[in-house]
Amino acid sequence: MKCDLHLHSTFSDGTLTPEQLVDEQYKRGMDCIAVCDHDTVAGVEHAVKHAEAKLQVIPSVELSTFCDREVHVLGYNVAYKDSDFLKEMNTVANYREERNAQMAAKLREYGFDVHLDRIKERKKSVIGRADFAEELIKTGAVKNRKEAFDKYIGKDKCCYVKSKRLTVTEAIQLCLRYGGFPVLAHPKSLRFQTKQQFEDFLETLVKAGLAGIEALYFSHNIFERKYYSRQAQKHGLIITGGSDYHSREHGTPLGNSFNPSKYTKMILGIK
Ligand code: AMP
Ligand code: MN
Ligand code: MN
Ligand code: MN
């Protein structure tokens with residue numbers, strides 16, 4: 001069975017629409033995919049409708065959270081049409097709106113011709129730093145996204161503005177309240193210095209109700225995959241995997257997949 005449970009669409013910072021993701025993954029023989037846009041479920045319905053019987057789409061979201069570091073929580077099978085859930089997601093979107101307005105003002109302070117209105121004209125849904133990077137490229141200030149992050153909008157660079165975020169516990173509980181399964185995304189990117197530090201952190205997430213770990217992430221080597229899988233098994237968590245495909249330059253190419261265990265299939269309802 002071929003699954004890719006971590007994809008971004010144009011509703012956040014991916015380059016393909018949800019429909020294109022479905023078509024491209026279907027062509028590659030994928031059985032099940034998850035559209036996990038940053039802090040929005042607005043693209044889910046498009047993928048679900050377009051997929052029909054071609055492949056299964058798991059409704060998902062990738063929540064950006066902050067504790068003492070940036071932590072991403074994947075929420076699988078959240079009730080993406082529930083009006084209370086959408087209200088809560090709206091609050092999360094407002095945190096981002098505030099940050100974006102401050103960031104645009106800061107970029108202008110530094111002399112860059114960056115306006116939020118212009119981004120909003122071309123962008124349907126969640127606006128993030130990748131969109132600011134694109135504006136900086138368009139104005140000729142930088143050559144590419146990497147340069148934009150390295151020089152200006154990466155963490156703690158001159159035009160960086162920290163966003164109000166859910167805590168990781170709040171994100172886990174938000175998923176649980178709406179029937180979702182919260183999974184710790186790409187744990188390697190947390191950059192804990194020791195395994196013990198990671199394991200202590202994981203304990204707090206498990207207590208909050210964490211359901212899984214994205215152990216089979218594209219940038220994890222075989223040892224890391226085994227280590228995170230063992231940690232998941234130790235706590236009775238599911239093991240998931242995905243490409244984190246955004247574009248040809250960001251994430252791993254489409255077509256890479258993982259084969260979920262019976263337990264993961266049962267919990268996520270993968271047919
Ligand atoms: P935001 O959630 O708006 O703060 O933007 C975060 C997104 O920007 C991440 O999910 C990545 O897709 C992208 N990003 C963060 N850091 C970098 C970087 N150093 N280079 C390129 N893209 C990045
Ligand atoms: Mn992204
Ligand atoms: Mn992420
Ligand atoms: Mn992602």
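Counting convention: from 1, in listed order, for ligands and their atoms alike.
- Aromatic pair Tyr152/Phe112: ring centres closer than 6.0 Å.
- Between His250 and His246, the ring planes lie parallel to each other; the angle is under 30°, not in the 30° to 60° tilted range.
- Taking a cut-off of 2.8 Å, the protein N, O or S atoms nearer than that to the Mn ion (ligand 3) are Glu62 OE2, His72 ND1, His186 NE2.
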What are the distances between nitrogen or oxygen atoms of ligand 1 and protein nitrogen or oxygen atoms, counting only those under 3.5 Å?
from	atom 1	to	atom 2	distance (Å)
ligand 1	2 (O)	Arg96	NH1	3.4
ligand 1	2 (O)	Arg96	NH2	2.9
ligand 1	3 (O)	Arg96	NH1	2.9
ligand 1	3 (O)	Arg99	NH2	2.8
ligand 1	3 (O)	Arg129	N	2.9
ligand 1	4 (O)	Arg99	NH1	3.0
ligand 1	4 (O)	Arg129	NE	2.8
ligand 1	4 (O)	Arg129	NH2	3.2
ligand 1	10 (O)	His38	NE2	3.1
ligand 1	12 (O)	Asp13	OD2	3.0

Which pairs of donor and acceptor atoms, one on a side chain in residues 157-165, lie under 3.5 Å apart (sequence neighbours left out)?
from	atom 1	to	atom 2	distance (Å)
Lys164	NZ	Tyr95	OH	3.3
Arg165	NH1	Glu70	OE1	3.4
Arg165	NH1	Glu70	OE2	3.2

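- For a distance bound of 2.8 Å, the N, O or S atoms of His8 include none lying that close to the Mn ion (ligand 2).
- Ring centers of Phe11 and His46: under 6.0 Å apart, within the cut-off.
- Think of Met1 as one node in a network of Ile, Leu, Val, Met, Phe, Trp and Tyr side chains linked at under 4.5 Å; its network also takes in Leu5, Ile58, Leu74, Tyr76, Phe181, Val183, Leu216, Ile238, Ile239, Phe258, Tyr263, Met266, Ile267, Leu268, Ile270.
- Using cut-offs of 30° and 60° for the angle between ring planes, the Phe201 and Phe192 rings count as tilted.
- The structure places CD1 of Ile172 at 10.0 Å from CG of Leu63, a figure rounded to the nearest 0.5 Å.
- Judged purely by distance below 3.5 Å, without hydrogens or angles, the side chains of Glu214 and His186 never pair a donor atom with an acceptor atom.
- For the residue pair Tyr217 / Asp244, a side-chain donor-acceptor distance below 3.5 Å is found, with atom types taken as modelled.
- Checked against the Mn ion (ligand 2), the N, O or S atom of Asp13 at the shortest distance is OD2.
- At least one cation-pi condition fails for Lys188 and Tyr228: the charged atom is not both under 6.0 angstrom from the six-membered ring centre and inside a 45 degree cone around its axis.
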